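Here is the structure we will look at, set down as structure tokens.
Below, chain A is the first sequence line, B the second, and so on; all start at residue 1. Only a predicted model underlies this, so the values are computations on that prediction, with no experimental measurement involved.
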There are 2 protein chains.
Amino acid sequence: MDAAEIKKALEAGGLRCTPQRYAVMAFLMAQNSHPTAAEIFAAVNRVDPRSSRATTYNNLRDLVQAGLVREVAAEGRAARFDATGMRHHHFICDRCGGVEDVEWYAVPKPASRALGKRVLRECELIFRGLCAKCAPRPASR
Amino acid sequence: MDAAEIKKALEAGGLRCTPQRYAVMAFLMAQNSHPTAAEIFAAVNRVDPRSSRATTYNNLRDLVQAGLVREVAAEGRAARFDATGMRHHHFICDRCGGVEDVEWYAVPKPASRALGKRVLRECELIFRGLCAKCAPRPASR
DNA sequence: ATATCATTTTAGATATATTCTGAGTATTTG
DNA sequence: CAAATACTCAGAATATATCTAAAATGATAT
Ligand SMILES: [Mn+2]
Ligand SMILES: [Mn+2]
Ligand SMILES: [Zn+2]
Ligand SMILES: [Zn+2]
């Protein structure tokens, strides 16, 4: 996705394509990791134009609302973000808290009886355990 | 599960059965909601013996580590907890953030090729959308 | 182009959630 | 019993996220 496409995607979500907002979106799309808001703030400020912390949070909120960015909440730690490109699941490491993508596959939806009057928007599948880096030495810290 | 069983479960997890720790566990088991640490702290302090905030957090951490309690992280908001009784999935409301149980059903595990060297401990399925209370009036606050 | 209006940005203050500190208390072990 | 270990506690400290109010920006209408 190039600059013009990002601009179009933002505007399709009812958002202006401001330099600060564009920088957040472009950074997330160039990443295959799952940066925190603080990391995104630092990254977009390594290049002009400068963006404030509040703006970074505001834009992340707006991008999540527009469906262009996904937020991954991890226990205790700061939330992590990724651009919603290809569908995928997530693996979260019990030890280091790292978030990694896992190839997507369909998940059976719950019975409508089990949902009752709730309106289902999405099913999120999260795997937990030890990442490749943490797995080999389960006893060490 | 009665008092003796809670004691046994705690000790099986390598934890002493202290009055403060017992109170947290007993409260969570009596709840079918998903209280925050602050709510648990308030609840266990409505009865003797008193427990400090730090101890409440410490005990929640220990109980999660021992597998007796599950922590549910929600974006932005405080973490919520439940006693790991019967297996179940969770529904998290987009609007009010409420966490509700959904009847359990088996989820297909990922291909071992997709997992690589990671060690899988559990698959957690989280549904998102609007809860029964928030669903009927999607435009209101 | 000028006025008007809505959106966005900003620095810093504020709020909320969680962890840390270091001293004291309780329990277990030898 | 003494010593080691586990636990608790109040408050301080840290981390994370949101709010505020003023200024800047960009869109739309005249
Ligand atoms: Mn991802
Ligand atoms: Mn539950
Ligand atoms: Zn890891
Ligand atoms: Zn709701």
What nitrogen or oxygen pairs link the protein and nucleotides 6-10 of chain C at under 3.5 Å?
from   : atom 1 : to    : atom 2 : distance (Å)
C/dT7  : O4'    : A/R16 : NH2    : 3.2
C/dT8  : OP1    : A/R16 : N      : 3.3
C/dT8  : OP1    : A/R21 : NH1    : 2.9
C/dT9  : OP1    : A/T18 : OG1    : 2.5
C/dT9  : OP1    : A/Q20 : OE1    : 3.2
C/dT9  : OP2    : A/N59 : OD1    : 3.3
C/dT9  : O3'    : A/Q20 : NE2    : 3.1
C/dT10 : OP1    : A/Q20 : NE2    : 3.4
C/dT10 : OP1    : A/R50 : O      : 2.8
C/dT10 : OP2    : A/S52 : N      : 2.8
C/dT10 : OP2    : A/T55 : OG1    : 3.3

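- Side chain of A/E11 to backbone of A/K8: no donor-acceptor contact under 3.5 angstrom is found.
- Across the protein-nucleic acid pair, B/E11 atom CD and D/dC7 atom C1' stand 14 Å apart, rounded to whole Å.
- A side-chain N or O of A/N59 and one of A/R21 form a donor-acceptor pair less than 3.5 Å apart.
- The separation between A/F41 atom CZ and D/dA15 atom P is 16 Å, rounded to whole Å.
- A salt bridge between A/R128 and B/E124 is present, with a side-chain N of the basic residue lying under 4.0 Å from a carboxylate O of the acidic one.
- More than 12 non-hydrogen atoms from other residues, nucleotides or ligands lie less than 6.0 angstrom from CZ of B/R121.
- The pair B/R61-B/E71 fails the salt-bridge criterion, with no side-chain N (NZ, NE, NH1 or NH2) lying under 4.0 Å from an Asp/Glu carboxylate O.
- Using a distance-only test at 3.5 Å, with no hydrogens or angles considered, no donor-acceptor pair links the side chain of B/H90 to the main chain of B/H88.
- The overall bend of the helix from C/dA1-D/dT30 to C/dG30-D/dC1, read as the angle between its terminal helix axes built from five base pairs each, is 30° when rounded to 10 degrees.
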Distances under 3.5 Å only, N/O to N/O: pair up the protein atoms with those of nucleotides 16-18 of chain C.
from   : atom 1 : to    : atom 2 : distance (Å)
C/dT18 : OP1    : B/A79 : N      : 3.1
C/dT18 : OP2    : B/Y57 : OH     : 2.9
C/dT18 : O4     : B/R53 : NH1    : 3.1

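- Judged by distance alone, the side chain of B/T84 and the main-chain N or O of B/L68 form a donor-acceptor pair under 3.5 Å.
- For the pair B/L10/B/R16, no side-chain contact is recorded, criterion being any heavy-atom separation below 4.5 Å from C-beta on.
- Here the P atom of nucleotide D/dC7 and the CG atom of B/L10 are 10 Å apart, to the nearest Å.
- A side-chain donor-acceptor contact under 3.5 Å links A/H89 to the backbone of A/Y105.
- Because its NZ or CZ atom is both nearer than 6.0 Å to the ring centre of A/F91 and within 45° of the ring axis, B/R118 counts as a cation-pi partner of that residue.
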